[in-house]
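Here is the structure we will look at.
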There are 2 protein chains.
Amino acid sequence: MDRRILKTQEALKKAVIELMSEKNFDDITIQDLSDRANVSRGTIYLHYLDKFDLLDNLIEEHINVLREMCRTASELDFIKATLMWTEYFERNYSFFSMMLASKGAPYFRGRFLDLLIEELTNEVDVTKGKNERLNEDLLVRFVASAYVGVVEWWFTNKKPVPHHVLAEQLGTLLERNV
Amino acid sequence: MDRRILKTQEALKKAVIELMSEKNFDDITIQDLSDRANVSRGTIYLHYLDKFDLLDNLIEEHINVLREMCRTASELDFIKATLMWTEYFERNYSFFSMMLASKGAPYFRGRFLDLLIEELTNEVDVTKGKNERLNEDLLVRFVASAYVGVVEWWFTNKKPVPHHVLAEQLGTLLERNV
DNA sequence: CTTGATTTGTAAAGTAATGAACAGTTACTT
DNA sequence: AAGTAACTGTTCATTACTTTACAAATCAAG
């Protein structure tokens with residue numbers, strides 16, 4: 001892939017994250033993005049429809065990485081799997097912090113919850129064991145909401161515990177409920 | 001000026017400074033620069049003849065900024081003028097440190113000394129005052145060499161004093177001798 | 001010396017990014 | 001309400017950068 005494409009897209013993604021930490025997303029203009037990313041204004045339209053499309057792509061990209069991690073970690077227990085996620089959270093702290101802490105972008109929370117529901121549905125088994133006689137959708141919803149809530153808490157409170165502790169405890173709770 | 005030009009040149013300058021802190025300049029290949037700057041190998045030749053030309057341009061650029069500072073600061077006393085320089089040293093620490101500390105690039109020291117001799121020649125006056133009866137070239141050489149020596153000491157010893165102290169003391173010594 | 005592997009410098013064809021211009025919105029000020 | 005300032009989305013010709021390829025040079029063992 002042409003490295004020019006990657007470079008401008010990287011610059012734009014970095015720019016939108018930076019600007020969102022400085023002002024409301026609604027107040028960010030295409031001109032702001034052009035200035036911050038040091039990319040011609042017209043160039044932005046070669047890649048994205050508008051600033052919303054840019055943000056959507058950024059979100060989708062991270063969601064896809066997390067989904068992919070779920071797939072490759074399907075052999076592992078919940079603690080190790082969650083550790084992969086929290087390490088990714090750590091590496092991309094500014095992005096997730098922006099999306100989950102502060103009311104920044106409510107859209108992302110939904111996408112994140114959807115992903116969890118999607119992936120957990122493959123994991124739970126209500127035909128036997130501790131979850132026998134539980135409604136599957138209800139159980140999945142329960143665990144997914146809890147998970148998202150804890151991750152939100154972690155970001156809004158600026159990492160009150162190290163990411164591996166978060167992983168270990170979230171993993172344990174997952175193990176107990178799924 | 002086309003921002004693409006500025007961007008690739010910036011990337012290449014940054015790359016060469018980074019690489020020089022990791023290996024000998026002679027061991028740096030054009031391929032290394034291409035990889036580090038994330039710029040196509042062929043593109044480098046659109047801007048520079050070879051890696052030496054790249055380094056020369058980088059050096060010349062800094063020398064020119066310093067020279068320009070001399071001109072604009074000709075109204076100021078030596079302490080204030082030196083402060084402008086040391087602030088610039090501070091902002092571009094990695095470059096100057098690379099060029100003056102460690103035997104990195106002996107070429108730069110010469111260019112730096114030449115600049116000082118050039119600029120000091122406009123300042124000294126051997127027709128009257130404390131320097132009456134002194135040989136002008138000898139005096140200029142004396143002060144310039146001393147100045148360069150102190151700056152080298154400052155970088156090789158990793159900023160043993162804050163830059164404004166360096167400026168104040170160097171400025172005082174200049175005042176006393178010129 | 002010869003072989004094989006890097007590196008170098010150059011060329012060619014294609015593509016993405018550029019600045020400049022444009023009309024059409026939107027959003028303040030007066 | 002009118003004016004004006006800023007932003008948007010699009011078009012256009014130009015240009016810098018891209019990948020790929022190639023021959024020459026440099027270099028390191030065998």
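Here the structure is a predicted model, which is why all the values come from computation and not from measurement. Residue numbers start from 1 in every chain, and the chains themselves are labelled A, B, ... in the order their sequence lines are given, proteins ahead of strands.
A donor-acceptor pair under 3.5 Å is formed between the side chain of A:Thr8 and the backbone N or O of A:Arg4. B:Lys13 contributes no side-chain N or O that, together with a main-chain N or O of B:Leu54, makes up a donor-acceptor pair within less than 3.5 Å.
Rounded to an integer number of Å, the gap from CD1 of A:Ile30 to P of D:dT8 is 6 Å. In this structure, B:Asp53 places its CG atom 15 Å from P of C:dT8, rounding to the nearest Å. As rounded to whole Å, 8 Å separates atom P of D:dT18 from atom CG of B:Asn38. Note: OH (A:Tyr48) to P (C:dA16) measures 14 Å, nearest angstrom. Between A:Ile5 atom CD1 and C:dG14 atom P there is a gap of 17 Å when expressed in whole angstrom units. The distance between atom CG of A:Leu6 and atom C1' of D:dC17, rounded to the nearest whole Å, is 14 Å. Counting to the nearest Å, the C1' atom of D:dC17 and the CE atom of A:Met1 are 15 Å from each other. The CG-P distance, from B:Asp35 to C:dT8, rounds to 11 Å in whole Å.
Between C:dG19 and A:Ser40, a contact under 4.0 Å exists linking OP1 or OP2 to a side-chain N or O. Residue B:Thr8 has no polar side-chain atom (N or O) positioned under 4.0 Å from OP1 or OP2 of D:dA16. Regarding contacts with the backbone of C:dA17, every side-chain N or O of A:Lys7 stays at 4.0 angstrom or more from both OP1 and OP2.
When the nucleotides D:dG9, C:dT18, C:dG9 are ranked by their closest atom to the side chain of B:Asp2, C:dT18 comes out on top. With D:dT18, C:dT18, D:dT8 as the candidates, the nucleotide lying closest to the side chain of A:Tyr45 is D:dT8. For A:Thr29, the side-chain atoms get nearest to D:dC7 when compared with the rest of C:dA16, C:dT18, D:dC7.
Ring orientation note: the planes of A:His62 and A:Phe95 are close to parallel, at an angle under 30° on the 30°/60° scale.
When each of B:Arg41 and A:Gly42 is assigned the nucleotide of DNA chain C bearing its nearest heavy atom, the one mapping closer to the 5' terminus is B:Arg41. If you find the closest nucleotide of DNA chain D to A:Leu49 and to B:His47, the one lying nearer the 5' end belongs to A:Leu49.
Side-chain atoms of B:Arg3 and base atoms of C:dG19 include no donor and acceptor less than 3.5 Å apart. For C:dA17, its base never sits under 3.5 Å from the side chain of A:Arg4 at any donor and acceptor pair.
Nucleic acid contact class of B:Lys51 (heavy atoms, under 4.0 Å, all strands): none.
Salt bridge status for B:Lys14 with B:Glu10: absent, with no side-chain N to carboxylate O gap under 4.0 Å.
Taking each heavy atom of A:Asp53 and A:Tyr48 in turn, the nearest pair found is OD2-CA, 3.4 Å.
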